[in-house]
Asker: 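Right, I'll just put the structure down here and ask away after.
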Amino acid sequence: MTTIEKTADDAVREGAGDDGSPLLEVRDLHVEFHTRDGVAKAVNGVNYSVRAGETLAVLGESGSGKSVTAQAIMGILDMPPGKIPQGQILFRGEDMLTMAGEERRKIRGRKIAMIFQDALSALNPVLSVGYQLGEMFRVHQGLSKKEAKVKAIELMDRVRIPAAKERVSDYPHQFSGGMRQRIMIAMAMALEPDLIIADEPTTALDVTVQAQVMDLLAELQREYHMGLILITHDLGVVADVADKIAVMYAGRIVETAPVHELYKRPAHPYTRGLLESIPRLDRKGQELYAIKGLPPNLLKIPTGCAFNPRCPRAEDICRTDVPALVPVTEQDGTELPGRGSACHFWKETLHG
Amino acid sequence: MPDVTKSQSGGAAVDTAVDAVAPPTEVDTASAAGPAPQGKPRSLWGDAWFELRHRPLFWISAVLLVLLLAIAAFPGMFTSAEPRNGDLTNHFLTKPELTHFFQADWFGYDGQGRSIYARVIYGTRASILVGVGVTAVVTFFGGLLGMAAGYFGGWIDSVISRIVDIFFGLPFLLGSMVVLNAFTERKVYVVIAALAFLGWTTIARVMRSSVITAKQADYVTAARALGAGTGRILFRHVLPNALAPTIVVATISLGAYISAEATLSFLGLGLADPTISWGIDISDAKDAIRDNPHVMLFPAGMLSLTVFAFITLGDAVRDALDPKLR
Amino acid sequence: MADTEKNEQAMEPAADATPNVTEVETVEAATEDEAVAALEAKVDRGEPILQVRNLVKHFPLTQGILFKRQIGAVKAVDGISFDLYQGETLGIVGESGCGKSTVAKLLMTLETATAGEVFYKGQDITRLSGRALRAVRRNIQMVFQDPYTSLNPRMTVGDIIGEPFEIHPEVAPKGDRRRKVQELLDVVGLNPEYINRYPHQFSGGQRQRIGIARGLALNPEIIICDEPVSALDVSVQAQVINLMEGLQDEFNLSYIFIAHDLSIVRHISDRVGVMYLGKMAEIGSDTEIYDHPTHPYTQALLSAVPVPDPESREGRTRIILTGDVPSPANPPSGCRFRTRCWKAEDKCAKEVPLLAIPERFAGTDSPAAHESACHFAEEKDVVHA
């Protein structure tokens, strides 16, 4: 029932002025890194899309390719050793990978902004935060120093940094972790982008501060009707803010679902294992379920389904055939909108 | 979830899973998972060696250095000519015969009728000795002091660091000239001592900072928690992890010491006859250079080549040891 | 609930009058009273294996290069007391900067305590040195947070796990060591043939197993785990947690489990202590802390934990604290939490609340009757509500 509420909510949001076409669409993206030991296939055919006002959570462990995908979207991938042999990244229907550098730079920062995990190293330690915030306006909008400073204070107010006026000339190290992350958010928000990519925005923060920052992000997103791609490994954080989730494993999306559906009825053994392996605050469990084995070596991804060596359901077909991300249906064949699973045995996983 | 295998605490399920996925050993008993890229035990030094082997610059400098070392050790094997006794009447400033490979007159003769080829060959030993000697002394003492300062900190660090600052303030060449001036008999070891006396500070500083970084690592804390003593922590944990920058600086400065020796000898404050040194030869050649550039060219070329070999080796080693490249 | 008759009147005044030291006696005395359900978990534990009393660590802030002058102190740990019993796991949770890692270092005697005592089987280990200290270190070991920096990259796995035997040669004769190391690898679920490999050839989870094997080598009684799984992937965390629980049963280990992840701490701990700015805010059994917290900070902390279930999430009350943790160099007067507390009154600025069973719950069989350092302690279930 909550799902219904959510969809209704979505409809309202879309009604707020968009034609419903995706803001950003990633199509069959591949990224590989050429290293001394061979070719590491970090992303192997990822598809996803975000609309304005929508939050897509990309969930995965280290090495799943979630951050690499984001870097490819932002165009901040180190190339070489990185390489994009295949795929499209469409922003409002235009492929950013084939765009001229100048054009692409215009989108980056102005239309798509990124928030990083480590705010301290993302901010320049020798410049005041006011100067760094104002830089966006000076460079992109040609404002004077004075005007930019006023704008910077405004921004700091908007991300609820107390005493913004007094603190505008402070340096990054004078702020606490939570405040620095707010400054990062303010910087990303400065030019009112259409899309924000947040890469583990709260991982480095304490729980009590995490909640503050996540709330702020969600609120700003609603206010400005932005698209948000939230990259995280934390199933808890995702549950809070996401509309839909894409679970990544070994450079592929293994499951997509609206947020409530995913937690209630996972359709991929990996998602299921992840959900079962986290200890719960409200339950004292006996023994934790543990997904056996290790995340795959990207230089040598197992044949067939990459998850097969760790999967309790694996059969011969899983070792030979790569499962495609197929739509998932109810037992009676009713469609489940937005749901997909890349498992040969999704029926058994979902319904069994 | 009936199919879900609960892993036994620390037991079989985890065991086998890890075994199956992890790369097989060199013994190849666990080869069920097939050959893995990291099949063999690979130490960081081993990795550095691997990096080095794939660098052409390393091979160029290595071949040159082996050759130079051989020349320094057995000059007699490379020439039969006599470097000290010239024959003024027959050979005064004779031009080189570039086709007479390895002959006494290959590089021609100098102003005292001595074979330049023989002098270049015999001069190698002094240069290499000074370079290697100064580097060894400097690395040992500078490294030791830097290590003590970095590891113990506190007043020990304060005292050593101030001394380093004072020595660092003295100009290297000027300082060595002043020191050497006090000696009348300037043998190789005197030059080594003079250069080392002023040269140890760089190594001490590099060692100090890398020891400070290394001693803060968790594995050092872990060793302390096990009850390890200072000696074990220093020599098993801190030193092996702090050595890389020192090795790089030492290799590169080896070339610099060789050219410093040549400079001092040129100025008449370094080695002196009867020791044969490229610096002395370059100095002797300065009057004849206008009409007979070859007298200068060959010792100077040899010197440059040697310095180049050491600095290139240092560069290659630095690239190989730099973890950022991996 | 708060006003039920007191069973332990005799003990109460003592607990109120003096701080933590006496308080522990109260708890022990209370165990005799089997009717006290809240203290059930504490029955039959016997003597504590580790007793921490008023532990203090201040890091001096100095100025000047040669002639240093103290201008203040970072009060990282400021009077902590607790007990650890044989075979149990005591979880310590708190945000960054609360001093929990300093506590770990103090227990390992890697830092010298400014004041206070740590009794290991009745012997104060904070003042030990030399041989006596080495003997104690055999029995108290540590597992580190970062599996990437806690193993020496220049040593093989065999050398790393074998090092404890080299430092304490009396534990294993020389010829026996290689076999011992292989046994340990097997115990932590690694292939014993990996003995000649180097740490960087392993993944994070495997490295943490190596760290655990090193910690086990000397057959310690206590293992202090400082955020042992926070650097690991979710799917690997569960493996390591299960391994640690299995080892605890197998070798009858006592754990002090320091972490910021409250869910994991609940899972593994028998008792939990919540730290804030160098002080213990609340301590009790896992049910007492998680289902019946009485300290506002604990409540806020629990309510902020993201729950991986959007539906149970929506019904939950969330207490979102304003502001950040104050600097431990200049902590607030009175109760340290008062600057962020919604209940704070004048009293909180003046009086330091003692860690004791709140008066209103004292003597009741309510699970809220556990030690809590708040003037206005009040039960509030934030996890299930």
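Naming convention: chains lettered A, B, ... in sequence-line order (proteins, then strands); numbering from 1 in each chain. The structure displayed is predicted, hence computed values, not measured ones.
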Asker: Within a 6.0 Å radius of atom CZ on Arg53(B), are there more than 12 heavy atoms belonging to other residues, nucleotides or ligands?
Answerer: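 It does: Arg53(B) CZ has more than 12 such atoms within range.
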Asker: Closest approach of Ser150(C) and Ala222(B), non-hydrogen atoms and distance?
Answerer: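 In terms of heavy atoms, the two residues are closest at O-CB, 4.3 Å.
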Asker: Under 4.5 Å from any heavy atom of chain B, what part of Leu218(C) do you find: side chain, backbone, both or neither?
Answerer: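 For Leu218(C), side-chain heavy atoms alone lie under 4.5 Å from chain B.
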Asker: Apply side chain to side chain contact (heavy atoms under 4.5 Å, CB included) to Arg154(C) and His237(B), showing your working.
Answerer: CA-CA 8 Å; Arg154(C) 310 265 178 209; His237(B) 295 282; over 6 Å; no
Asker: Quick check: are there more than 12 heavy atoms from other residues, nucleotides or ligands sitting under 6.0 Å from CZ of Phe197(B)?
Answerer: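 No.
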Asker: Side chain from CB out, backbone as N, CA, C, O: work out which of these in Leu151(C) comes under 4.5 Å of a heavy atom of chain B, or both, or neither.
Answerer: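 Looking at Leu151(C), just its backbone touches chain B.
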Asker: Let's test your reading of the structure: which of Met244(C), Gln145(C), His168(C), Met155(C) forms the most heavy-atom pairs below 4.5 Å with chain B?
Answerer: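 With the most close heavy-atom pairs to chain B, the winner is Met155(C).
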Asker: Only pairs of heavy atoms separated by less than 4.5 Å count here; which of Lys105(C), Glu166(C), Gln248(C), Arg214(C) has the most with chain B?
Answerer: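 Among Lys105(C), Glu166(C), Gln248(C), Arg214(C), the one with the most close pairs to chain B is Glu166(C).
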Asker: Could you check whether atom CZ of Phe251(C) has more than 12 heavy atoms from other residues, nucleotides or ligands sitting under 6.0 Å from it?
Answerer: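 Result for CZ/Phe251(C): enclosed.
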Asker: Identify the heavy atoms of Arg137(C) and Ala225(B) that sit nearest to each other, and give their distance.
Answerer: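 Nearest heavy atoms, Arg137(C) then Ala225(B): CD-O, 3.3 Å.
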Asker: For the CZ atom on Phe141(B), are there more than 12 heavy atoms of other groups (residues, nucleotides or ligands in this structure) within a distance under 6.0 Å?
Answerer: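 Atom CZ in Phe141(B) is not crowded, with 12 or fewer foreign heavy atoms closer than 6.0 Å.
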Asker: Would you check if Phe144(C) and Thr221(B) make a side-chain contact, meaning some heavy-atom pair closer than 4.5 Å?
Answerer: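 They are in contact (side-chain heavy atoms under 4.5 Å apart), so the answer is yes.
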Asker: Report yes if some heavy atom in the side chain of Pro199(C) is under 4.5 Å from a heavy atom in the side chain of Tyr219(B); otherwise report no.
Answerer: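 No. Closest side-chain heavy atoms not under 4.5 Å.
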Asker: To the nearest 0.5 Å, tell me how far Leu226(B) CG sits from Arg138(C) CZ.
Answerer: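 Here the interatomic distance stands at 12.0 Å.
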Asker: To the closest 0.5 Å, what do you measure between CZ (Arg224(B)) and OG1 (Thr109(C))?
Answerer: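 So the gap between those two atoms works out to 9.0 Å.
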Asker: Which heavy-atom pair separates Arg134(C) from Gly227(B) by the least distance, and what is that distance?
Answerer: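 Where Arg134(C) meets Gly227(B) most closely, the heavy atoms are NH1-O, 3.5 Å.
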Asker: Do you know the tightest heavy-atom contact between Asn152(C) and Arg236(B)?
Answerer: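 Nearest pair, atom of Asn152(C) first, then Arg236(B): ND2-O, 3.2 Å.
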